[in-house]
Amino acid sequence: MAAAAAPTRAEVLSLFRSFLRTAKQFSDYNIREYTRRRAADAFRENRALGDPPAANAAFAEGKKQLEVAKRQAVVYSLYAPKAKSVMELQVQQ
């Protein structure tokens with residue numbers, strides 16, 4: 001059985017952009033920023049993976065985490081807070 005090739009740069013960037021788009025779907029500032037920050041940290045952590053099996057495993061884990069984030073975005077949209085976070089309020093001048 002031949003080893004599968006590591007995901008291409010385009011596939012990895014597409015997965016990262018999908019995470020960022022999913023993070024934007026959260027109405028709560030804290031959850032939105034946590035999702036965005038966690039995605040960036042995970043991709044930065046796995047940036048130097050050169051071993052194809054390890055890169056495939058990280059890519060597969062990323063796809064699973066993206067599906068979890070998408071489901072959570074739907075759940076959070078059903079129970080969105082009525083008031084905005086202090087971080088989201090614009091200072092009125």
Side-chain angles (χ1 to χ4, degrees):
M1 182 173 180
T8 64
R9 177 178 170 83
E11 290 173 324
V12 172
L13 289 175
S14 175
L15 181 63
F16 183 65
R17 284 191 301 269
S18 294
F19 264 107
L20 296 180
R21 280 191 298 273
T22 301
K24 286 181 183 178
Q25 294 175 357
F26 287 100
S27 59
D28 183 75
Y29 172 83
N30 292 320
I31 304 297
R32 185 172 54 246
E33 288 302 307
Y34 171 78
T35 304
R36 187 192 61 74
R37 190 173 54 249
R38 180 64 189 106
D41 290 346
F43 277 83
R44 201 173 295 121
E45 180 181 311
N46 292 317
R47 174 183 238 167
L49 287 178
D51 185 27
N56 281 334
F59 188 72
E61 179 64 23
K63 285 171 44 175
K64 282 197 280 189
Q65 291 300 319
L66 176 61
E67 293 306 314
V68 169
K70 285 180 178 181
R71 286 192 304 269
Q72 286 301 111
V74 170
V75 170
Y76 274 91
S77 72
L78 297 173
Y79 302 102
K82 301 293 184 222
K84 288 193 173 205
S85 168
V86 172
M87 299 298 289
E88 295 176 304
L89 296 175
Q90 295 291 327
V91 176
Q92 295 182 355
Q93 299 174 348

Side-chain donor-acceptor contact under 3.5 Å, Arg21 with Ser18: yes
Pair Lys64 + Glu67: basic N to acidic O under 4.0 Å: no
From CD (Gln65) to OG1 (Thr35), nearest 0.5 Å: 10.5 Å
Evaluation steps, side-chain contact (heavy atoms from CB on, under 4.5 Å), between Asn46 and Phe59: CA-CA 9 Å; Asn46 292 317; Phe59 188 72; over 6 Å; no
Glu33 side chain vs Asn30 backbone, donor-acceptor pair below 3.5 Å: no
Distance-minimising heavy-atom pair for Ala54 and Leu49: O-CD1, 3.8 Å
Backbone N/O of Lys24 and side chain of Arg32: donor-acceptor pair under 3.5 Å: no
side-chain contact (heavy atoms from CB on, under 4.5 Å) assessment of Asp41 paired with Arg37: CA-CA 6 Å; Asp41 290 346; Arg37 190 173 54 249; 4.0 Å; yes
Exceeds 12 heavy-atom contacts within 6.0 angstrom, atom OH of Tyr76: no
Straight-line distance of Leu13 CG to Phe43 CZ, nearest 0.5 Å: 8.5 Å
Over all atoms of both residues, closest heavy-atom pair of Ala55 and Ala6: CB-CB, 4.0 Å
Leu66 side chain near Leu15 side chain, heavy-atom distance below 4.5 Å: yes
Nearest-0.5 Å distance that lies between atom CD in Gln25 and atom CD in Gln72: 12.5 Å
Hydrophobic cluster membership, Ile31 vs Phe19, 4.5 Å side-chain cutoff: no
